[in-house]
Amino acid sequence: MRPGIFVSIIGHVGAALMTLLAWETVSVPQGGGTIVVPIEIVDVAPEVNVRALAREVEEEAEAPEIADETQPEEATATPTPRPRQPQRPNDDDWMRDLRADLSDASKERGQQQRDGERADRDQAGAGLGTAERVTLEARAAALVQAHLRRCWRMPADLPEPERLVVVVQFDVNRNGTLNGQPRVTTPRNYTFDAPMRVAAEAALRAVRQCDPFPFPDDPVVGEHYEIWRTNEYRFGLRQQN
Amino acid sequence: MQMIKRFLLAVFAFAALAGLNPAYAQLRVDITEGHLNPTPVAVVDFNSQNAAAQQVGRDIAGVIRANLDRSGLFRPVDPNAFIERITALEVPPRFADWRVIDAQALVVGEVTPLPDGRIRVVFRFYDVFAEQELPGQEYATTPDNWRRVAHQISDRIYEQLTGERGYFDTRIVFVSESGPRTQRVKRLMIMDQDGANPVFLTQPGALVLTPRFSPTTQMITYMSFENGPPRVFLYNLATNRREVLGDFPGMTFAPRFSPDGQRVVFTLDMNGNSEIFSMDLRTRSRQRLTNQAAIDTSPSYSPDGGQIVFNSDRGGSPQLYVMNADGSGQRRISFGEGRYSTPVWSPRGDLIAFTRQSGGRFAIGVMRPDGSGERILTESYLDEAPTWSPNGRVIMFFREGRGTGARLWSVDLTGRNLRQIPTPTDASDPAWSPLLP
């Protein structure tokens with residue numbers, strides 16, 4: 001009888017934990033596009049965060065800030081108070097314990113192979129949950145989209161412009177300057193494709209011309225170097241029907 | 001117990017690596033909006049040790065700047081803004097000085113007189129932001145031929161920056177018009193695409209119309225009233241020889257070369273019924289392509305020579321039709337409001353330019369060969385007779401105002417870069433040459 005109850009309790013607790021884990025895992029955005037981020041999370045997250053941040057600032061800073069109330073509510077361009085470590089609304093004790101356990105588990109299994117830089121990076125992102133991450137990425141994306149608009153000459157007047165999609169990768173330093181040279185990852189070879197060559201050069205030129213990038217000066221994403229350290233931009237005209 | 005604990009920890013560790021731990025990822029962004037502003041290019045006056053050659057160097061740079069500016073794709077940076085003074089081609093430029101003035105490309109060059117009286121022109125070309133040298137070129141020519149060198153350098157720059165063939169080293173043949181309206185003198189004239197070096201090709205006596213360039217050779221076909229009834233003529237620019245295309249029973253007009261230059265397609269009017277014929281220029285054998293009671297005219301080949309677009313009023317009003325080069329498979333492609341005429345197939349093959357008359361106004365537009373995607377590029381009291389640049393990006397046409405003479409204009413495919421081409425007289429019916437050999 002007693003062993004049966006013991007097994008049953010472990011089973012139920014395990015199932016509950018798994019459910020929670022599954023929820024968390026599904027919610028994490030994956031860059032490859034294989035997992036679809038639910039729309040609700042994307043929409044709700046900014047509001048949650050902005051309020052949390054605003055409250056925190058009000059509590060912390062006594063100085064009268066003409067922050068949120070007086071400014072129009074713009075999702076991207078409006079400067080908002082500089083966030084400290086954002087408070088996770090869902091971050092209850094239970095999850096913290098779980099994370100501690102997991103950390104221990106990882107250590108036990110000897111799978112932590114971090115060098116100094118990686119550790120720094122992980123710690124910086126350790127406070128980020130799905131909602132924050134999506135928000136920050138969306139904000140960083142909006143920032144850079146606006147920033148590149150003046151630097152990228154679109155290939156709209158080349159033959160078959162919708163075909164000319166170029167993916168460029170590059171790294172950015174903490175101060176927003178280019179780290180190394182941008183490189184075209186897609187298409188792999190465009191030596192003999194003149195319009196594609198021009199499109200690729202235009203994308204590279206855009207990245208070089210838009211150096212430095214505006215991330216560090218942004219009050220929200222500025223501190224989250226891990227979000228905008230490595231960049232992959234897909235330059236292509238919006239598909240028209 | 002130990003097993004269960006280990007199992008759970010393993011599951012947690014896996015889940016943590018997969019999801020909970022904030023994965024270090026790239027910021028992936030779709031960039032779909034940019035600008036279409038002209039690219040700033042700095043063209044430095046070409047250097048020389050010799051005073052006379054120095055003037056040529058300045059002139060060459062001036063023509064290059066004007067060409068790039070007229071294309072609408074580039075904006076020459078004002079030389080007064082230049083910081084670095086380029087004195088030697090061997091020394092790489094200080095790219096930072098050119099970035100500051102927002103030049104994305106830099107063109108420098110040198111003119112050197114040669115012992116045989118010719119000049120040597122060298123140009124170098126840099127991508128300022130990538131700090132890379134792009135392929136330059138070296139030319140040797142007679143000093144009075146400096147304009148063509150400037151045009152060829154412009155074409156090289158255009159090709160490097162747009163990925164398409166240039167069109168600056170080309171010429172325009174057109175009908176020069178002068179004299180009072182009742183006694184209009186119409187002569188064939190030819191000039192560089194920028195309006196320089198205009199020369200008359202025919203005498204004032206005979207009325208000429210619809211000159212057309214061969215796409216492959218420096219040959220022109222046109223219609224003239226030289227010997228009475230209108231006939232189609234061939235004019236070889238290399239030899240200055242003219243000949244009548246053929247002796248036909250009726251009036252021949254609207255001639256145009258096939259893409260290989262070996263055939264001419266034209267309209268033959270017999271007792272008020274116009275039909276389209278093609279003629280092999282070597283064998284002089286002709287082939288009838290249309291057979292309708294309606295007026296069929298203004299034929300123009302597709303660049304692969306497989307199809308012909310033409311104008312017919314068989315549906316009640318002039319509309320555009322496409323047929324195979326042997327006359328089969330005729331089908332209507334224009335269905336918009338108004339009357340469509342003077343169709344011309346783009347050298348790129350993707351578009352057909354036309355004149356559309358509706359509501360008392362004339363417009364120049366383009367549509368795909370299947371009739372879809374119709375776009376009007378310009379419209380005025382009278383815009384007519386489009387002709388394509390050899391790279392299929394620019395259209396030249398003539399515009400006539402109410403009570404004012406006709407003048408040549410060009411517009412690019414965006415419809416935004418509309419410019420007048422300088423001509424010494426009133427001008428109509430332009431035809432763009434292929435790139436000069």
Side-chain angles (χ1 to χ4, degrees), chain A residues 10 14 17-18 21 24-26 28 30-31 98-99 101-102 105-106 108-109 111 118 121-122 125-126 128 133 137 140-141 144-145 148-154 156-159 169 194-199 201 203-206 208-209 226-238, chain B residues 1 4-40 72-73 99 102 104-105 127-132 134 159-165 348-351 391-393 412-414 416-417:
Chain A
I10 287 186
L17 284 176
M18 297 285 223
L21 282 173
E24 189 76 11
T25 308
V26 168
V28 172
Q30 304 279 313
L98 182 61
R99 228 182 244 126
D101 284 349
L102 292 174
S106 301
E108 269 179 33
R109 293 178 64 79
Q111 288 183 346
R118 175 82 187 273
R121 198 165 60 217
D122 283 354
L128 293 181
R133 193 171 187 85
E137 284 183 355
V144 81
Q145 278 165 341
L148 276 167
R149 201 171 289 161
R150 67 178 178 83
C151 304
W152 181 47
R153 193 182 191 285
M154 297 185 289
D157 47 2
L158 292 181
Q169 276 185 0
M196 191 60 90
R197 175 182 60 75
V198 171
E201 282 168 3
L204 289 173
R205 199 173 291 134
R208 289 183 180 121
Q209 198 186 348
E226 78 282 359
I227 293 285
W228 44 267
R229 175 190 165 129
T230 302
N231 296 265
E232 182 179 280
Y233 297 169
R234 181 181 177 279
F235 291 82
L237 296 182
R238 200 183 298 276
Chain B
M1 202 42 222
I4 294 171
K5 193 177 170 188
R6 273 189 184 176
F7 171 74
L8 281 175
L9 282 174
V11 169
F12 291 161
F14 178 77
L17 285 173
L20 268 185
N21 217 358
Y24 166 60
Q26 288 175 327
L27 177 61
R28 291 188 169 152
V29 184
D30 276 355
I31 307 292
T32 58
E33 286 183 37
H35 63 81
L36 276 172
N37 299 336
T39 304
L73 298 175
R99 273 199 298 270
D102 200 31
Q104 300 210 353
D127 183 328
V128 172
F129 281 87
E131 302 196 355
Q132 278 174 350
L134 302 167
E159 284 165 27
Q160 276 295 328
L161 294 180
T162 68
E164 293 180 15
R165 298 291 301 272
R348 222 153 72 175
D350 55 345
L351 293 169
N391 67 355
R393 192 193 261 274
D412 68 2
L413 280 182
T414 65
R416 291 199 274 183
N417 185 30

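Per chain, numbering begins at 1; letters A, B, ... match sequence-line order.
- With a 6.0 Å radius and a threshold of 12 heavy atoms from other residues, nucleotides or ligands, B/R165 has its CZ atom at or below the threshold.
- Pairing each heavy atom of B/T32 with each of A/R238, the nearest pair is OG1-NH2, 3.1 Å.
- Of the two parts of A/E201, only the side chain, counted from C-beta on, holds a non-hydrogen atom closer than 4.5 Å to a non-hydrogen atom of chain B.
- For a residue to count as touching a neighbouring chain, one of its non-hydrogen atoms must lie under 4.5 Å from one of that chain's; by this rule B/D30 touches chain A with backbone and side chain alike.
- Neither the backbone nor the side chain of B/D412 comes within less than 4.5 Å of any heavy atom of chain A.
- Heavy atoms of B/R348 lying under 4.5 Å from chain A belong exclusively to its side chain.
- Per-residue counts of heavy-atom pairs under 4.5 Å with chain B were compared for A/L237, A/I227, A/L204; the largest is that of A/I227.
- The only member of A/R153, A/R149, A/R150 that meets salt bridge (charged side-chain N to carboxylate O under 4.0 Å, His left out) when paired with B/E33 is A/R149.
- At a 4.5 Å heavy-atom cutoff, the contact between B/Q160 and chain A is made by backbone and side-chain atoms alike.
- Looking at every heavy atom in both residues, B/A130 comes nearest to A/R208 through CB-NH1, 3.2 Å.
- Rounding to the nearest 0.5 Å gives a distance of 4.5 Å between CD of B/Q26 and CD of A/Q169.
- Between chain B and the options A/A141, A/A199, A/P195, A/A206, heavy-atom pairs under 4.5 Å are most frequent for A/A141.
- Considering CZ of B/F129 and CD of A/Q209, their distance stands at 4.0 Å, rounded to 0.5 Å.
- A pairwise comparison of heavy atoms in B/G163 and A/A194 identifies O-CB, 3.2 Å as the closest pair.
- Proximity of A/Q145 to B/I31: side-chain heavy atoms (C-beta onward) are separated by under 4.5 Å at one or more points.
- Using a 4.5 Å cut-off between heavy atoms, B/L413 makes no contact with chain A at all.
- The contact between A/L158 and chain B is made by backbone and side chain atoms together, counting heavy-atom distances below 4.5 Å.
- Residue A/Y233 comes nearest to B/L27 through the heavy atom pair CE2-O, 3.8 Å, listed as atom of the first residue, atom of the second, then distance.
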